[in-house]
2 protein chains.
Amino acid sequence: MTRPPRRARAVDVAARAGVSVATVSFVVNGKAEGRVSPATRLRVLDAIAALGYVTDASARALATGRRRQVALLAHDMTNPFTAQVAAGAAAGIAEATEGTGHLLLLLASDDAEPDTEPVGAATVDGVLINYPGTLPAGRPDLPVVHLDDPAAGGHQVSMDVVVGARELAAHLAGLGHRHVVFVDSNRPWSTFVERRTAFTDEFARRVPGAVVTGDRSGIDLAGAVGHATAALEGWQRSGATAVVTATDVQALGVLSALAAAGVPVPGRLSVAAFDDIPFAAVSAPPLTTVRLPARELGHRGAVLLSRVIDGTAVDPAPVVLPAQLVVRGSTGPATM
Amino acid sequence: MTRPPRRARAVDVAARAGVSVATVSFVVNGKAEGRVSPATRLRVLDAIAALGYVTDASARALATGRRRQVALLAHDMTNPFTAQVAAGAAAGIAEATEGTGHLLLLLASDDAEPDTEPVGAATVDGVLINYPGTLPAGRPDLPVVHLDDPAAGGHQVSMDVVVGARELAAHLAGLGHRHVVFVDSNRPWSTFVERRTAFTDEFARRVPGAVVTGDRSGIDLAGAVGHATAALEGWQRSGATAVVTATDVQALGVLSALAAAGVPVPGRLSVAAFDDIPFAAVSAPPLTTVRLPARELGHRGAVLLSRVIDGTAVDPAPVVLPAQLVVRGSTGPATM
DNA sequence: CTGTTAGCGCGTTCAT
DNA sequence: ATGAACGCGCTAACAG
């Protein structure tokens, strides 16, 4: 009665069904068509169910060379944008592989590089990089898709940040703003460079004598609040009438600092940003921001990566997702 | 000149170093001590570096039975609490395994159960469940640690929600509130049940004739906003002077709905919740909430799981992390 | 101190 | 239509 609680193997299934392991393998992998008679196929299926047999992933991986896993290299899961990318990626890989593919989460610890050991150890069939910079060499032919890194080569999916930035510039210009502070991220990622330069260029083009003061802060909430609190007075003295940040998280920090200091938004200072994370819609006032489709980014990236892995996608054709300005209550007419 | 871009294997290293694969295996796994001479060890190391050799994870897993991977079963990575748990878990597993362990992310798609196929396929050495309910059977002896699920048996780490809930009840009672609306989560997870009953009991104990009106909403931002907007009028008519929600996300939604309706907080209605996600500190007004150490939860859970896996932790001794009320601006004296 | 070798569990070609 | 046998790359017991 005391059956060994050991996992059933293909041999066990084969024995119970009175066939060979090869037959079991065929049935399990859907290659029974024209090779295994429907009757025996059913017997095998029964045995599988009875034994609770599940193919061992490591053994299969060793035999096939496919791991059925993909890694997501990201920086900080605590950032809502990243979290959405991850959620989208998980859904995308599941969808593209019909539930057989899975996501290995590789996060950077603090400011270090994320741990890429699994990549070298061939634990994954491909990598999704939501992180600037390339992989450590060693696996030159490993399928890779870059996310939101317009400067990256190869396969990538990004968002039309430039269009969104221009819309934002036009919006602020139309409200009469002439001097804005642009709070960049203190990480020199290409997506942030693009946000800043596209905004700055368009704003300068539309507003004669425009002034865009550069500034930067961490993109974590605490860092953003601290920076904004300290920089606030300088912003006011400079005559700026609007603050644009590279990310929503920073803007939420700015909003908080302004509220604490009793500065009316958008009465005294307008605030706008990029991302449109869910919390941007419920801040006080709700945040005007450039909507960047984070979840879609992860989703499309995962689907693309799956295609690269199975060889369907060969030549790198960058996918660019649309971005769009969402006007809410944090921006208003410029007032000096 | 055209070297095959193939990954180097142990045999290749062995050949280059003039030793056998066993020797390579020993030095790779740090078992060279007293088995391999320092000199040959160095030769092997050189060969490894020269060839860029990295042990194949699948092969090693097949041979050792250890996958060096752990799964995190979670519901919605978009929820900041979950994201923090994930970040903590990733850090914890890396720490406990000195960088050799990794995190497989298994998310539930919408309201379905999360995909547990990798668990059955033995892709992981253990599972971290931040999700109510147990694993599908089939692997009864698989190490499991439940997170924030006080009703779960076995190994688990949770938080002292009861203490926090009582502090909150005392706080509101002290401010003169007698009628509060408790907006529960619409998911019947034990952690939420605990939050509600602990709060309700303590509040009733402290306030003679106390009224706690029950209510519930989704714990996603959109759902919370929608619900609050619709329920708002009823809350006001009922004579409630405070709203307590099961999670910060819901409270943020409530705050947003109240702001849109022009209801002063805490002037007309006080608002409080559980979690203390980062955004709770920057809302307008900043949210009074019971701080639940999410990151720590994930971290400790991962460390504990590692111990269970390597057999260090045997008897399930539930770990309970402290919770503590953080009073901010969203709660004030009751006013009718 | 070092080499040989038998598994680990599955996929797949080649006979039958 | 089915089974036998080899290989995937590595670990670990055993022999020397």
List the atom pairs, with distances to 0.1 Å, where a side-chain N or O of residues 294-302 of chain A and a protein N or O form a donor-acceptor pair under 3.5 Å, not counting sequence neighbours.
unit_1, atom_1, unit_2, atom_2, d
A/His299, NE2, A/Glu95, OE1, 2.9

Expected list for residues 152-159 of chain A: side-chain donor-acceptor pairs under 3.5 angstrom, two or more places apart:
unit_1, atom_1, unit_2, atom_2, d
A/His155, NE2, A/Val314, O, 3.3
A/Gln156, NE2, A/Ala152, O, 2.6

Throw together a table of side-chain donor-acceptor distances under 3.5 angstrom for residues 53-63 of chain B, partners on residues two or more places apart or in other chains.
unit_1, atom_1, unit_2, atom_2, d
B/Asp56, OD1, B/Ser58, N, 2.9
B/Asp56, OD1, B/Ala59, N, 2.9
B/Asp56, OD2, A/Arg67, NH1, 3.3
B/Ser58, OG, A/Arg67, NH1, 3.3
B/Arg60, NH2, B/Asn29, OD1, 3.0

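The two residues B/Val44 and B/Val19 make their nearest non-hydrogen contact at CG2-CG2, 4.0 Å. Here the closest non-hydrogen pair linking B/Val303 and B/Ala96 is CA-CB, 4.2 Å.
Here A/Arg35 pairs with A/Phe26 under the side chain to side chain contact (heavy atoms under 4.5 Å, CB included) rule; sequence neighbours left out. Residues forming a side chain to side chain contact (heavy atoms under 4.5 Å, CB included) with A/Pro143 (at least two apart in sequence, or on another chain): A/Leu305, A/Val308, A/Ile309. Under the ring pair (Phe, Tyr, Trp, His ring centres under 6.0 Å) criterion, B/Phe192 pairs with B/Trp189, sequence neighbours left out. By the side chain to side chain contact (heavy atoms under 4.5 Å, CB included) test, A/Ala15 is found to be paired with no residue, residues two or more places apart in sequence or in another chain being considered.
An angle of 40°, rounded to 10°, separates the two end axes of the helix from C/dC1-D/dG16 to C/dT16-D/dA1, each defined over five pairs.
For residues 40-52 of chain A, no residue pair satisfies the salt bridge (Lys or Arg N to Asp or Glu O under 4.0 Å) rule, not counting sequence neighbours.
Contact check of residues 38-49 of chain B against DNA chain D (heavy atom, cut-off under 4.0 Å) returns no residues at all.
Considering only heavy atoms from C-beta on, A/Pro114 stays 4.5 Å or farther from A/Leu107 through its side chain. In this structure, B/Leu142 and B/Val127 have side chains that are in contact, with non-hydrogen atoms separated by less than 4.5 Å.
Backbone-only engagement by A/Gly34 is indicated by non-hydrogen atom pairs under 4.0 Å involving sugar-phosphate atoms exclusively.
Here chain A contacts DNA chain D (any atom closer than 4.0 Å to a heavy atom, that is under 4.0 Å), and the contacts span D/dA1 to D/dG9 from 5' to 3'.
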B/S/- along nucleotides 9-16 of chain C (protein heavy atoms under 4.0 Å) is BBSBB---

